[in-house]
Amino acid sequence: MSGYNEAAYHQARESVIEHPCPVERALLKGCVRCHLTRKRLLAERELMTCTEANASARCQHFLEAIHHNARFALHLDANQPWPFGKEIRAQCGGVLGLIDALEAPETDIATLLDMALTDGKPPEDLPWSAIMRSVVHYDPRPRNKPPKTTPN
């Protein structure tokens, strides 16, 4: 056993992050980007922090709305924590669904939410049916396709 203390890591993580990034997993996976985040290294792990409190809160509200809307679609019990794979589906699929619904050429989550939530519009007014289609169909681990063979 390595003697690694996960509780100490989480405590250190909380002490170095002023504004947490709610869509950190999607950013680390690379399916979305954000100009307001900064990558940090802690205990040989990557983590993302947000540079603005308002942006962090806006992303948190968006993620909470995705979780609320996706529980039924992803067959999750409201009392259970989100498994890693389904969290990736919610974050990546949710942002990619928002991109499709807004027909936006932008993949920057902060800019997308600025566009989508203009004039104090609440996240509940977003096109959730289109976003949920993307969440349900997002594959966090795309299967390798066999290479195409060329006829001789």
Side-chain angles (χ1 to χ4, degrees), residues 2 4 6-76 80-118 121-148:
S2 67
Y4 187 75
E6 193 71 18
Y9 167 77
H10 286 291
Q11 185 177 16
R13 178 184 163 92
E14 287 179 18
S15 70
V16 299
I17 297 179
E18 186 176 352
H19 308 294
C21 177
V23 291
E24 177 181 32
R25 291 180 180 175
L27 290 166
L28 291 172
K29 182 160 177 36
C31 60
V32 68
R33 60 185 189 80
C34 181
H35 71 279
L36 296 176
T37 59
R38 299 294 173 259
K39 189 181 285 190
R40 309 253 340 238
L41 297 174
L42 178 66
E44 298 181 0
R45 296 186 196 183
E46 291 180 326
L47 55 100
M48 303 299 278
T49 63
C50 189
T51 58
E52 293 184 12
N54 289 339
S56 178
R58 188 174 46 245
C59 285
Q60 182 62 41
H61 292 307
F62 177 64
L63 185 61
E64 288 170 1
I66 290 174
H67 283 169
H68 174 75
N69 287 289
R71 283 206 183 270
F72 177 77
L74 296 178
H75 310 288
L76 290 170
Q80 297 297 319
W82 281 70
F84 182 81
K86 292 197 179 185
E87 182 65 36
I88 291 291
R89 287 175 77 177
Q91 289 185 21
C92 289
V95 174
L96 296 174
L98 183 61
I99 291 169
D100 290 344
L102 296 177
E103 297 177 354
E106 186 63 54
T107 60
D108 186 289
I109 182 68
T111 305
L112 280 170
L113 289 177
D114 282 342
M115 289 172 37
L117 303 174
T118 56
K121 191 169 148 182
E124 294 79 29
D125 291 348
L126 293 174
W128 286 108
S129 61
I131 294 170
M132 285 304 103
R133 268 193 303 279
S134 183
V135 167
V136 169
H137 294 295
Y138 183 80
D139 187 5
R141 291 182 283 164
R143 308 298 179 239
N144 290 334
K145 294 181 181 177
K148 290 184 179 180

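Bear in mind the structure is a predicted one, so any value in this text is a computation, not a measurement.
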L74 backbone acceptor or donor facing K86 side chain under 3.5 Å: yes
Atom pair CG/SG of N54 and C59 - distance to nearest 0.5 Å: 11.0 Å
From OG1 (T51) to CZ (R38), nearest 0.5 Å: 5.0 Å
Donor-acceptor contact present, side-chain T107 to main-chain V32, <3.5 Å: no
Audit row: R25, F84, side-chain contact (heavy atoms from CB on, under 4.5 Å) steps and yes/no: CA-CA 9 Å; R25 291 180 180 175; F84 182 81; 3.7 Å; yes
Donor-acceptor pair, side chain of E24 and main chain of M48, under 3.5 angstrom: yes
For H19, all residues meeting ring pair (Phe, Tyr, Trp, His ring centres under 6.0 Å), sequence neighbours excluded: none
Inter-residue atom distance L102.CG - L112.CG, 0.5 Å rounding: 6.5 Å
Heavy-atom donor-acceptor pair, R40 side chain to L47 backbone, under 3.5 Å: no
From CG (L117) to CG (L126), nearest 0.5 Å: 5.0 Å
Rounded distance (nearest 0.5 Å) linking atom CG of L41 with atom CD of E46: 6.0 Å
S134 side chain to G94 backbone, donor-acceptor under 3.5 Å: no
Gap separating the CD atom of E87 from the CG atom of L63, nearest 0.5 angstrom: 5.5 Å
Summary of salt bridge (charged side-chain N to carboxylate O under 4.0 Å, His left out) pairs that have at least one residue in residues 92-101, sequence neighbours excluded: none
Exercise: identify the closest heavy-atom pair between W128 and P123: NE1-O, 2.8 Å
Pairs satisfying salt bridge (charged side-chain N to carboxylate O under 4.0 Å, His left out), at least one member in residues 47-58, at least two apart: R58-D114
